[in-house]
Structure formats: C-alpha cells, structure tokens
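Sequential numbering from 1 along the given sequence is applied to the chain's residues. Since the model is a prediction, treat every value here as computed from it, not as a measurement.
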Amino acid sequence: MTCPSFPFRKLFPLCSSKQRVKFSHFSVGEGIGTAFRGCCVISSPEQRISALKEKVRILEDDNSVPDEDIEKIRWEFNAAKQSFLNIPDALREMPKMSPQGIYVNRNIRLDHIQVYGFDYDYTLAHYSANLQSLIYDLAKEYMVNEFKYPEVCMKVKYDPEFPIRGLYYDKQRGCLLKLDFFGSIELDGCFYGRRKLSLEEVNELYGTRHIGRDQARILVGLMDFFCFSEACLIADMVQFFVDAKLDFDPSYIYQDVRNAIQHVHCSGLVHREILMDPYRYIVKNEQMLFFLKMLKKKGKKLFLLTNSPYYFVDGGMRFMLEEYMGCGESWRDLFDVVIAKANKPDFYTSEHPFRCYDFEKDILTFKKVDAFFPEKIYYHGCLKSFLQITKWNGPEVIYFGDHLFSDLRGPSKAGWRTAAIIHELENEIRVQNDDAYRFEQAKFHIIQELLGKLHSTVATSQSSGAFKSLMDELNEERRKVRCTMKNMFNGSFGATFVTDMGQESAFAYHIHRYADVYTSKPENFLLYPAEAWLHVPNDIKIMPHHLKVPTSLFK
C-alpha cells in the first residue's frame with residue numbers, strides 16, 4: 001500500500017514521530033553543540049535557557065509534523081474502509097479449525113495413557129437443550145413453594161439466548177459478570193438482572209474494571225453445563241425484585257437459587273423427570289459406544305466416577321448405548337470400576353471410605369472395600385483410597401469431565417491428565433471458521449493497529465480537532481465490529497472463550513490451567529490414533545483453537 005505525498009515532507013526528513021521527538025528534545029543540563037534550526041553555538045546558561053524557550057514556542061506553533069501523522073493515519077483508515085467492501089480471497093483460503101478437534105494445552109502421549117476415567121453428566125451423557133428449561137422450571141417452582149417467593153415468579157421462562165458458561169455472580173452487588181483472562185470485566189459483560197450496565201455504571205460500582213483479590217472473594221463462578229439455568233434464574237430473580245421495587249440482598253438470591261438447583265438434583269427430581277421421558281432429554285450416541293469399545297480393545301482400563309446416583313446412570317446408559325450392543329451385552333461390561341454418588345470435589349481431598357452398593361436391594365453393604373470388581377457398584381469414597389486400591393499412577397490416568405472445578409481441578413493437582421468436555425466449543429469454532437466472522441476479526445485488528453498509531457503521535461497533536469475527529473471515527477468503527485462479532489455468538493455476553501476485545505476470557509484461563517486437552521465430546525478421540533502424540537501448537541497464543549487473522553491480507 002502506498003500513500004500520497006505531502007508537502008510537509010520538504011521540510012523534514014521522513015522519520016517516525018517518536019524519532020522526531022527524540023531528535024528535537026533537549027534538557028537544560030545538556031550541552032547543545034549546534035543551534036536549533038541554524039542558530040549559532042551557545043555557551044552561557046542564560047543563552048541555553050533562552051534557546052530552550054524558543055524551541056518550545058516553535059514546537060507549539062508548528063503543527064505540521066503531528067498533522068502529517070494524523071493525515072497519514074486517516075488515509076490508511078480510508079483505504080482500509082475500501083478494502084472492507086469485499087472479503088479477500090486469501091481470507092477464504094485460510095485453514096479452518098476442526099469443531100471435533102482435540103486442542104492441547106500440555107503435550108500428551110496417548111500411548112502412555114493406560115487408564116481412562118469419565119464423569120457421566122455432559123461427558124458420557126449428552127443432553128438436549130430441553131434439560132436446561134426443565135432444571136430452571138423445577139428450581140423456580142421449589143423457590144415459590146418452599147422459599148415463599150411470590151407466585152408471579154412462576155411466569156418467568158428460561159431464556160436460552162441469555163447466558164453462557166463461565167460467568168461470575170457478584171453476591172454483594174447482584175451483577176452477572178464476564179471476565180477476561182486477567183480478571184477484568186468485559187466492556188459489555190456486566191448485567192444487573194437482565195439489564196446491561198454502561199461503562200460508567202460499572203466504574204461507579206467497581207471503581208475500576210479490574211477485579212482485585214478482595215473483590216474476587218464475593219464472586220462465584222458458574223462453570224459447568226448446568227450453570228445455564230442457574231445464571232438465567234439468578235438474573236431473572238434479581239430483575240423481579242428490581243421491577244417490584246423491593247429491597248433485597250443479592251447474596252440471598254444466590255443462596256436460594258443455588259439451594260433450589262441442588263435440591264432438584266439431590267432429591268432425584270430431575271433424574272426421575274429425565275428417565276420418564278428420555279427421548280426428550282437424552283441424546284442416543286453410537287459413537288460413544290465405539291470409543292469405549294476401542295479403548296477396551298486396546299487393553300485400556302476404564303472407570304466411571306460421577307456424583308449422580310447409580311439408578312440414573314444405569315437408565316441413561318442403557319437408553320444411550322444398549323440399542324447398539326449385541327445380545328447379552330451390558331454397558332457395565334465396558335468399565336473396570338463404576339463409582340456413583342462420589343461427592344466431587346470433596347472426593348479428591350476427603351478420606352471417606354468406599355461403600356459397595358447392592359443395586360438389586362437398593363442398600364449399601366457393610367463389608368470393607370479393599371478391592372474393586374467390575375460386576376460391583378461403589379458409592380462415595382476418596383481419591384486416596386482409589387489410588388491405594390487400583391495402584392494406578394497419576395500420569396498414566398486421564399480423566400474426562402465438564403466441570404472445571406468439581407471434575408478437573410482435583411485430578412490435575414493429583415497428577416492425573418485431564419480432558420475438559422465443552423459442548424459449545426463446536427458451535428464457537430464453526431462461527432470462527434465462517435468467512436463473515438474472520439472478515440470482522442481482520443477489520444477489528446486493522447482498527448486496533450490504527451488506534452495504536454494514532455495514540456503514538458506526539459502529545460501536541462492529541463488536543464487538535466483532527467486527532468479527536470479521527471479518534472471518534474475509529475472508536476465508532478471498532479464498536480460496530482465488536483458488536484457484530486459478539487452477536488454471532490451470544491447477544492448478551494458474546495463468545496465463551498474470548499471477550500469482545502479479542503482477549504481470552506476467564507473461562508479460557510481456567511481451561512488453560514486445569515485441562516491438559518479440551519474437546520467437545522469424548523468420542524472425538526476416535527478421530528486420532530490411540531498412540532497419537534498430542535502436541536501444543538507452535539504458534540499458540542493462549543488457547544490453541546484460536547486462529548489469528550493477519551491484517552496483511554488486506555494490504
């Protein structure tokens with residue numbers, strides 16, 4: 001790209017504004033061997049001070065250099081806007097990321113993995129979108145009946161377009177927040193009830209968009225797949241109290257919603273509803289059966305470790321898999337150890353004993369558990385006893401789960417390898433692969449570069465009308481691009497893994513911290529050889545599935 005010549009170039013040599021500042025800057029204590037702009041040699045202190053004052057006056061009067069910089073940036077911006085009219089062919093030819101790919105944070109050799117462990121809900125079991133509405137409605141009903149919330153609250157409905165995974169709730173202020181990788185509030189990611197707060201309101205509430213350590217204590221993370229209904233119900237209850245002009249403590253809202261959702265799970269209410277109509281809630285999955293059978297054929301050990309009760313796991317696994325199994329086969333034949341009601345994350349730190357569960361009589365037996373048998377079912381227990389009984393060393397075990405804290409934090413600290421299952425990853429990668437999104441991403445990067453150039457111009461230019469006018473135009477264009485990219489994912493909070501400014505989210509930070517690999521479904525491992533070496537990409541930024549679109553495509 002070339003730019004037009006300017007008449008100012010006859011006055012000064014072509015160099016950056018930073019170079020010009022350095023060239024023309026003098027301090028009082030420095031000796032000046034030659035005069036500024038052709039003056040004679042200066043010797044006395046009075047002459048030096050006089051010359052310095054004259055230099056400052058000349059710089060204040062002479063705006064040609066900063067104006068030249070601003071005009072050049074404006075020309076680049078106008079040229080970029082012309083290139084925005086068409087998607088470059090090179091952009092379409094860029095490689096696309098696989099929605100079913102396995103993305104690597106830390107290198108793993110699968111030939112070294114001898115033991116595969118799995119959570120059940122949203123890991124082995126895939127659920128339809130109807131489940132979130134079911135959990136929402138059951139919890140809402142419990143809050144009205146047991147906690148005496150007003151009957152009018154029964155009218156609110158689950159909104160699948162509102163929440164994303166990885167949000168935080170401020171128990172003190174009542175806000176739902178999306179944070180970036182470094183703990184700062186996303187520009188458009190702060191909601192009080194269902195109303196998005198402005199930047200001015202966020203600054204008034206938090207003083208700064210960065211969440212300090214003292215403020216972090218009042219935040220609770222919503223990280224698993226059940227958090228969609230939880231986040232939506234919290235926001236709707238806050239909004240109800242705001243609309244009704246009733247005083248309330250935001251921490252009580254969280255406690256009541258949390259207790260209601262826990263009751264829905266612990267009481268078995270949601271489990272019974274699912275098993276009564278499995279076709280409405282559970283997704284059949286032949287590929288999962290192929291994956292588990294492949295592992296058994298390769299001589300791998302398999303175990304199931306879940307917080308759900310056995311009857312629920314058994315009903316779901318039979319519905320999902322046994323249609324594809326041979327006569328006389330059972331899903332339990334695939335696993336060497338089955339542990340239910342494990343009470344994660346306490347499982348990883350407690351010293352609770354294992355109990356053998358007699359599923360035919362629905363009772364826990366009293367005999368001490370000092371060995372595991374494939375035909376038996378076990379309840380409770382702890383990691384310490386599990387390792388003592390199995391003798392499975394940490395690095396040879398990989399555990400699959402969807403909850404970064406309950407499922408993966410404990411295993412990663414214990415030395416197991418970890419695989420995060422994130423179902424929404426597939427849709428997010430499909431959006432990122434789309435030419436329209438990549439086009440907006442490239443525009444955003446170009447505008448960011450121009451804003452950086454504009455901010456680097458000399459200080460005298462930043463009070464000029466030309467500077468402010470161009471700054472406003474660039475910021476407005478950037479706002480439009482950010483809004484377009486955000487709405488391609490979620491109209492309220494944008495993408496799960498990135499912020500509107502293109503930085504990784506706090507959810508991405510936790511994946512990077514606790515997951516060796518992450519993918520959308522366990523059966524994606526069928527696409528890789530069982531002896532594959534999974535390597536971190538050489539060009540990784542933070543999250544390996546992110547592809548950065550180079551601005552050079554438009555130049």
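- Although no hydrogens or angles enter the test, the distance criterion places no donor-acceptor pair under 3.5 Å between the side chain of Gln172 and the main chain of Ile218.
- Scanning all heavy atoms of the two residues, the minimum distance from Asp247 to Phe241 falls at O-CD2, 4.5 Å.
- A donor-acceptor contact shorter than 3.5 Å is absent between the side chain of Glu396 and the backbone of Val115.
- When atom types are taken as modelled, the side chain of Ser406 and the backbone of His403 share no donor-acceptor pair closer than 3.5 angstrom.
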So Arg194 and Asp159, salt bridge (charged side-chain N to carboxylate O under 4.0 Å, His left out) or not? Walk me through it.
CA-CA 11 Å; Arg194 298 299 294 271; Asp159 180 5; 2.5 Å; yes
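- Scanning both residues, Lys521 and Ile421, for their nearest heavy atoms gives C-CD1, 4.0 Å.
- Between Phe386 and Phe303, the angle of the ring planes lies from 30° to 60°, which puts this pair in the tilted group.
- Aromatic pair Phe240/Tyr149: centroids not less than 6.0 angstrom apart.
- Smallest separation of non-hydrogen atoms from Ser520 and Glu426: OG-OE2, 2.7 Å.
- A salt bridge links Glu329 and Lys293; the closest N-O separation between the charged side-chain nitrogens and carboxylate oxygens is under 4.0 Å.
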Are Phe400 and Phe525 close enough, and set up right, to give a ring-ring contact (aromatic ring centres under 6.0 Å, His included), and what steps lead you there?
CA-CA 11 Å; Phe400 292 71; Phe525 276 70; 5.2 Å; yes
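- A donor-acceptor contact shorter than 3.5 Å links the side chain of His423 to the backbone of Tyr122.
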Go through it in stages, so that I can follow the logic: the residues are Glu161 and Asn490, the test is side-chain hydrogen bond (donor to acceptor under 3.5 Å, both in side chains), and I'd like the CA-CA distance, side-chain angles, deciding distance and then a yes or no.
CA-CA 7 Å; Glu161 303 298 322; Asn490 174 283; 5.6 Å; no
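- Side chain of Ser308 to main chain of Phe312: no donor-acceptor pair is present (N/O by atom type, distance under 3.5 Å, no hydrogens or angles).
- In this structure, His210 and Ser184 approach most closely via the heavy-atom pair ND1-OG, 3.3 Å.
- Looking at heavy atoms from C-beta onward, Leu177 lies in side-chain contact with Tyr206 at the 4.5 angstrom threshold.
- Taking the six-membered ring for Trp and thresholds of 30 and 60 degrees, Tyr378 and Phe354 have ring planes more than 60 degrees apart, a perpendicular arrangement.
- With Tyr311 as the aromatic partner, Arg272 does not meet the cation-pi criteria of under 6.0 angstrom to the ring centre and within 45 degrees of the ring axis.
- By the 4.5 Å heavy-atom criterion applied to side chains, Glu504 and Tyr509 are not counted as neighbours.
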Verdict with supporting geometry, Asp180 and Ser505, side-chain hydrogen bond (donor to acceptor under 3.5 Å, both in side chains)
CA-CA 4 Å; Asp180 68 16; Ser505 65; over 6 Å; no
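- A donor-acceptor pair is defined here as one N or O able to donate and one able to accept, closer than 3.5 Å; no such pair exists between the side chain of Lys178 and the backbone of Ile185.
- Considering only heavy atoms from C-beta on, Val270 comes within 4.5 Å of Leu131 through its side chain.
- Ring-plane geometry between Tyr514 and His510 is classed as parallel, the angle between the planes falling under 30 degrees on a 0 to 90 degree scale with a further cut at 60.
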List the steps and the verdict of side-chain hydrogen bond (donor to acceptor under 3.5 Å, both in side chains) for Asp236 and Tyr136.
CA-CA 11 Å; Asp236 287 341; Tyr136 181 96; 2.5 Å; yes
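- Side chains of Leu134 and Ile274 form a contact here, defined as non-hydrogen atoms less than 4.5 Å apart.
- Checking side-chain atoms of Ser267 against main-chain N and O of His263 turns up a donor-acceptor pair under 3.5 Å.
- A cation-pi geometry, defined here as NZ or CZ lying under 6.0 Å from the six-membered ring centre and within 45° of its normal, does not hold between Arg258 and Tyr254.
- Looking only at atom types and distance, the side chain of Thr496 has a donor-acceptor partner in the side chain of Glu428 under 3.5 Å away.
- Here the straight-line distance linking atom CG of Leu138 with atom CG of Leu233 works out to 11.0 Å at 0.5 Å rounding.
- The existence of a salt bridge linking Arg438 and Asp434 is excluded, since no basic side-chain nitrogen approaches an acidic carboxylate oxygen closer than 4.0 Å.
- Side-chain rings of Phe118 and Tyr399 stay apart, their centers remaining 6.0 Å or farther from each other.
- No side-chain N or O of Thr365 forms a donor-acceptor pair with one of Asp358 less than 3.5 Å apart.
- Judged by distance alone, with hydrogens and angles left aside, the side-chain atoms of Tyr158 form no donor-acceptor pair with the main-chain N or O of Asn130 at under 3.5 Å.
- Using a 4.0 Å cut-off between charged side-chain N and carboxylate O, Lys368 and Asp370 make no salt bridge.
- The side-chain heavy atoms of Phe290 and Asn285, taken from C-beta on, include no pair separated by under 4.5 Å.
- When all heavy atoms of Tyr310 and Ala340 are compared, the pair lying nearest together is N-CB, 3.9 Å.
- In this structure, Thr519 contributes its side chain and Gly101 its backbone to a donor-acceptor pair below 3.5 Å.
- Ile282 approaches Gly316 most closely through the heavy-atom pair CD1-CA, 4.0 Å.
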Verdict with supporting geometry, Asn259 and Gln255, side-chain hydrogen bond (donor to acceptor under 3.5 Å, both in side chains):
CA-CA 6 Å; Asn259 290 337; Gln255 291 172 6; 5.8 Å; no
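- The existence of a salt bridge linking Glu531 and Lys298 is confirmed by a sub-4.0 Å separation between a basic side-chain nitrogen and an acidic carboxylate oxygen.
- Between Lys296 and Asp336 there is a salt bridge, with a side-chain nitrogen of the basic residue lying less than 4.0 Å from a carboxylate oxygen of the acidic one.
- Put simply, the residue from Asp121, Asp402, Asp119 that forms a salt bridge (charged side-chain N to carboxylate O under 4.0 Å, His left out) with Lys344 is Asp119.
- Proximity of the aromatic rings of Phe507 and Phe181 is defined here by a centroid distance below 6.0 angstrom, and this criterion is not met.
- Classification of the Phe335-Trp331 ring pair by plane angle, with boundaries at 30° and 60°, yields perpendicular.
- Using a 30° and 60° split on the angle between ring planes, Tyr379 and Tyr357 fall in the parallel class, below 30°.
- Below 30°, between 30° and 60°, or above 60°: for Phe191 and Phe493 the angle between ring planes is between 30° and 60°, a tilted geometry.
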